[in-house]
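Here the structure is laid out as structure tokens; the discussion comes afterwards.
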2 protein chains.
Amino acid sequence: METHPLTAREQRAWEGYRRMQGLLASQLNRHLLRETGLSEADFVILDALLAAPDHRLRSLALRCEVQWEKSRLSHHLARMQQRGLVAREECPEDSRGAVFRLTDAGRAAVTAAAGHRVAAIRSYLLDLLTPEQMDTLGDVSEAVLTRLAREDPHRHAIAELARPDPGARSNPGA
Amino acid sequence: METHPLTAREQRAWEGYRRMQGLLASQLNRHLLRETGLSEADFVILDALLAAPDHRLRSLALRCEVQWEKSRLSHHLARMQQRGLVAREECPEDSRGAVFRLTDAGRAAVTAAAGHRVAAIRSYLLDLLTPEQMDTLGDVSEAVLTRLAREDPHRHAIAELARPDPGARSNPGA
DNA sequence: AGCCATTGGTTGACGTGTCATCCAACCGCG
DNA sequence: CGCGGTTGGATGACACGTCAACCAATGGCT
């Protein structure tokens with residue numbers, strides 16, 4: 001395969017991004033886990049259930065919302081069920097399906113964790129940026145997400161199934 | 001803890017970034033693994049060794065270079081040794097230390113993988129950005145890395161030990 | 001009504017990363 | 001020279017994520 005090496009400008013953007021995203025993700029995860037007992041992955045799931053009608057979502061809809069692979073979601077939900085954070089119910093409209101409900105313990109945990117999480121996100125990322133940088137980060141992310149959705153329409157584009165208008169959310173966590 | 005929810009602008013930046021970084025990382029990793037048999041983590045290690053004098057680095061220096069936790073590095077190097085990609089040697093100046101050398105198989109693998117990796121990084125990220133967006137991504141990454149280094153000087157700031165001048169690199173991969 | 005392809009979700013195997021702990025070697029200090 | 005604190009690296013346990021395979025239910029088509 002014939003490809004040219006990255007230019008210095010590309011190198012700076014890519015290398016900086018690559019290093020940053022790994023360190024930031026693990027720092028935010030470590031911080032949240034230490035402060036609240038919830039991992040970032042836990043939080044994302046619980047937050048999606050918190051926002052859902054009756055604090056319930058079918059696995060399929062939840063998968064669309066968080067955009068995880070199905071076996072990742074299945075395994076993670078099983079572990080969260082074991083910890084008492086969610087409960088599994090039958091799906092009334094499709095016997096193949098599973099519905100997951102936020103338990104009282106799960107609700108308390110995610111509610112308590114939200115503030116810690118926002119504080120860390122501000123401290124390690126948002127408060128460091130100018131308004132222009134923040135908007136560009138949003139633009140870049142949108143462009144990449146659009147590109148990824150083209151790559152595998154089934155894997156990514158189904159995200160629209162879950163919630164077409166993210167701006168309507170009142171809870172900021174996820 | 002009393003923190004305000006994110007503003008709409010902050011939410012767009014954070015939520016977009018959060019979703020994007022997870023999907024991008026797993027797509028790049030999946031693509032590289034499928035095309036070359038090397039994971040992104042493999043590549044980063046091999047590329048650091050490729051660039052090192054004699055294609056050798058002490059574990060400590062390698063750890064500074066890639067900025068991983070020590071047990072992550074130790075476990076990963078053990079697996080790569082098992083696959084014949086690197087070889088472990090004694091450290092001549094510190095009996096506690098270990099030196100890792102790129103094997104012929106490792107060198108062939110990382111050399112063959114470099115083009116695929118660059119092509120994927122361009123396709124999924126760099127080619128989507130304007131020059132201004134690319135520079136801003138670099139600036140944002142730099143700001144976050146600086147912040148993270150303050151958080152735990154021992155964990156992050158030691159990166160300077162490995163290579164003070166990244167611009168001197170001729171191989172673009174890592 | 002029956003058939004068949006697709007789908008929703010689970011499961012097991014295995015690679016990966018974090019945390020805590022351990023141990024031998026190093027180095028600074030008295 | 002001896003001591004004690006620190007360091008470099010390994011190890012085990014366990015949580016996590018990917019891949020392939022499986023199976024029952026669904027839905028479209030004849």
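Protein chains get the first letters and strands the later ones, always in sequence-line order, with residue 1 at the start of each. Because the structure is a prediction, the values reported are computed rather than measured. All heavy atoms count here, side chains included; hydrogens, waters and symmetry mates do not.
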> Given atom CG of A:Leu60 and atom C1' of C:dT10, what is their separation to the nearest angstrom?
Replying inline: 15 Å

> Base, sugar-phosphate, or nothing: which does B:Ser74 touch, judged by heavy atoms less than 4.0 Å apart?
Replying inline: base

> How many Å lie between CD on B:Glu69 and C1' on D:dG8, as a whole number?
Replying inline: 15 Å

> With sequence neighbours left out, what residues match A:Glu142 under salt bridge (Lys or Arg N to Asp or Glu O under 4.0 Å)?
Replying inline: B:Arg12

> Side chains of A:Phe43 and A:Leu28: closer than 4.5 Å at any heavy-atom pair?
Replying inline: no

> For A:Asp127, does the CG atom have more than 12 heavy-atom neighbours from other residues, nucleotides or ligands under 6.0 Å away?
Replying inline: yes

>> Side chain of B:Ser39, heavy atoms from C-beta onward: which of C:dT16, C:dT11, C:dG8 has the nearest atom to it?
In response: C:dT16

> Of the candidate nucleotides C:dG9, C:dT18, D:dG17, which contains the atom at the shortest distance from the side chain of B:Arg72?
Replying inline: C:dT18

> Roughly how many Å is it from CE in A:Met80 to C1' in C:dG9, rounded to a whole number?
Replying inline: 17 Å

>> Taking the basic N atoms (NZ, or NE/NH1/NH2) and the acidic carboxylate oxygens, is any pair closer than 4.0 Å for B:Arg19 and A:Glu65?
In response: yes

> Can you tell me how far P of C:dT18 sits from CG of A:Asp42, to the nearest Å?
Replying inline: 16 Å

>> What is the distance, to the nearest angstrom, from the CG atom on B:Leu73 to the C1' atom on C:dT16?
In response: 13 Å

>> Can you identify which nucleotide, out of C:dG17, D:dA10, C:dT18, has its nearest atom closest to the B:Ala41 side chain?
In response: C:dG17

>> If I take atom CZ in residue B:Arg63 and atom C1' in nucleotide D:dG8, what distance separates them, rounded to the nearest angstrom?
In response: 8 Å

> Phosphate oxygens OP1/OP2 of D:dG9: is one of them under 4.0 Å from a side-chain N or O of B:Arg88?
Replying inline: no

Filtered N/O pairs between nucleotides 21-28 of chain D and protein, under 3.5 Å:
from, atom 1, to, atom 2, distance (Å)
D:dA25, N3, A:Arg96, NH1, 3.2
D:dT26, OP1, A:Ser95, N, 3.4
D:dT26, O4', A:Arg96, NH2, 3.4

> Cut-off 3.5 Å, side chains only: do B:Arg79 and B:His76 have a donor facing an acceptor?
Replying inline: yes

>> For a quick test of reading the model, state the closest non-hydrogen atom pair linking B:Trp68 to B:Arg63 and the distance between them.
In response: O-CG, 3.4 Å

> Please give, in whole Å, the distance from D:dC16 P to A:Leu85 CG?
Replying inline: 10 Å

Table of protein N/O atoms under 3.5 Å from nucleotides 12-15 of chain D N/O atoms:
from, atom 1, to, atom 2, distance (Å)
D:dG12, O6, B:His75, NE2, 2.8

> To the nearest angstrom, how far is A:Trp68 atom CH2 from C:dG9 atom P?
Replying inline: 15 Å

> Is it true that atom CZ of B:Arg101 has more than 12 heavy atoms of other residues, nucleotides or ligands lying nearer than 6.0 Å?
Replying inline: yes

>> So if I apply the side-chain contact (heavy atoms from CB on, under 4.5 Å) rule between B:Leu85 and each of B:Leu102, B:Leu38, B:Val110, which one comes out positive?
In response: B:Leu38

>> Test your reading of the model: is there a side-chain donor-acceptor pair from A:Ser59 to the backbone of A:Ala98, 3.5 Å cut-off?
In response: no

>> Between A:His76 and B:Arg58, which residue's closest nucleotide on DNA chain D lies nearer the 5′ terminus?
In response: B:Arg58

